[in-house]
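Only one structure is covered here, and it is reproduced in the block below.
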Amino acid sequence: QVRLVESGGGLVQAGGSLRLSCAASGRTFSNYNIGWFRQAPGKEREFVATIDRSGGSTQYADSVKGRFTISRDNAKNTVSLQMSSLKPEDTAVYYCAARWGSLVSVTSGGYSFWGQGTHVTVSS
């Protein structure tokens, strides 16, 4: 069992930045790949970014590539999502999720543990 808690959401103007954090507790954090997903009102949950167990490999959705950066600190059991040049279409609830094993995944079904989410609102 891995417990995940997101933080750092809030209201920001378009063009601004936010840094989301995902704090993990429970099983050995470094055994898990971590993904960030988001869900806007009336839309399905979508992949944002993922990072492998070591932090050496990352993947991003095309919609956020070049604007968002995912990173992790295994010593502190945390994963961060630095979001810059935010757009109104980035408004959503952002979730972090954990996937055991060596393979990353860009689909929500590949993750076993989820946080409760943090709200991000980008005003125009």
Side-chain angles (χ1 to χ4, degrees):
Q1 185 81 14
V2 176
R3 183 170 179 262
L4 304 171
V5 179
E6 302 94 336
S7 61
L11 173 64
V12 63
Q13 288 188 333
S17 299
L18 276 177
R19 186 177 182 89
L20 305 184
S21 292
C22 174
S25 60
R27 297 284 181 92
T28 305
F29 180 65
S30 58
N31 285 340
Y32 292 84
N33 303 293
I34 302 296
W36 282 97
F37 292 79
R38 67 186 181 186
Q39 187 165 17
K43 295 187 177 181
E44 294 186 354
R45 191 169 297 188
E46 66 174 1
F47 166 74
V48 175
T50 186
I51 190 166
D52 74 349
R53 297 179 299 180
S54 69
S57 177
T58 58
Q59 291 186 44
Y60 297 91
D62 288 343
S63 59
V64 307
K65 203 171 292 183
R67 300 188 297 122
F68 291 11
T69 302
I70 188 172
S71 60
R72 70 187 294 162
D73 184 338
N74 285 343
K76 296 182 178 179
N77 285 8
T78 59
V79 171
S80 297
L81 184 69
Q82 177 66 46
M83 306 187 297
S84 303
S85 302
L86 284 163
K87 305 174 181 179
E89 51 263 45
D90 294 318
T91 295
V93 178
Y94 283 71
Y95 300 89
C96 67
R99 169 185 171 86
W100 187 90
S102 60
L103 299 178
V104 297
S105 175
V106 300
T107 59
S108 59
Y111 292 81
S112 301
F113 304 101
W114 291 80
Q116 82 291 347
T118 186
H119 290 258
V120 172
T121 302
V122 184
S123 63
S124 56

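Since the model is a prediction, treat every value here as computed from it, not as a measurement.
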Which residue, Leu18, Leu20, Leu86, forms the side chain to side chain contact (heavy atoms under 4.5 Å, CB included) with Phe68? Leu86
Which pair of heavy atoms, one from [X] and one from [Y], lies closest together, and at what distance?
| X | Y | value |
| --- | --- | --- |
| Leu81 | Ala49 | CD1-CB, 4.2 Å |
| Arg19 | Ser71 | NH2-OG, 4.0 Å |
| Ile51 | Val79 | CG2-CG1, 4.4 Å |
| Ser105 | Gly110 | OG-CA, 4.0 Å |
| Arg53 | Gly101 | CD-O, 3.1 Å |

Distance (rounded to the nearest 0.5 Å) between [X] [atom1] and [Y] [atom2]:
| X | Y | atom1 | atom2 | answer |
| --- | --- | --- | --- | --- |
| Ser108 | Trp114 | OG | CH2 | 5.0 Å |
| Tyr32 | Trp100 | OH | CH2 | 8.0 Å |
| Ser30 | Asp73 | OG | CG | 11.5 Å |

Can you check side chain to side chain contact (heavy atoms under 4.5 Å, CB included) on Ser80 and Gln82, steps first, answer last? CA-CA 6 Å; Ser80 297; Gln82 177 66 46; over 6 Å; no
Taking Arg72 for the side chain and Asn33 for the main chain, is one N or O donor matched with an acceptor at less than 3.5 Å?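 Between the backbone of Asn33 and the side chain of Arg72 there is no qualifying donor-acceptor contact (under 3.5 Å).
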Ignoring hydrogens and angles, tell me if any N or O in the side chain of Ser84 forms a donor-acceptor pair with the backbone of Ser17 under 3.5 Å. no
Determine whether Thr50 and Arg99 satisfy the following criterion, side chain to side chain contact (heavy atoms under 4.5 Å, CB included), listing intermediate values before the conclusion. CA-CA 10 Å; Thr50 186; Arg99 169 185 171 86; over 6 Å; no
Scan side-chain atoms only and decide if Arg38 and Tyr94 contain a donor-acceptor pair under the 3.5 Å cut-off.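 Per modelled atom types, Arg38 and Tyr94 side chains form a pair under 3.5 Å.
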Which pairs of donor and acceptor atoms, one on a side chain in residues 1-15, lie under 3.5 Å apart (sequence neighbours left out)?
{"residue": "Glu6", "atom": "OE1", "partner": "Gln116", "partner atom": "N", "Å": "3.0"}
{"residue": "Glu6", "atom": "OE1", "partner": "Gly117", "partner atom": "N", "Å": "2.9"}
{"residue": "Glu6", "atom": "OE2", "partner": "Cys96", "partner atom": "N", "Å": "2.9"}
{"residue": "Glu6", "atom": "OE2", "partner": "Gly117", "partner atom": "N", "Å": "3.3"}

Enumerate, atom names and distances included, each donor-acceptor pair closer than 3.5 Å involving a side-chain atom of residues 57-64, sequence neighbours excluded.
{"residue": "Tyr60", "atom": "OH", "partner": "Ile70", "partner atom": "N", "Å": "2.9"}
{"residue": "Asp62", "atom": "OD1", "partner": "Lys65", "partner atom": "NZ", "Å": "3.1"}

Check the hydrophobic clustering (I, L, V, M, F, W, Y; side-chain heavy atoms under 4.5 Å; chains of links allowed) and say if Tyr111 and Val106 are grouped together. yes
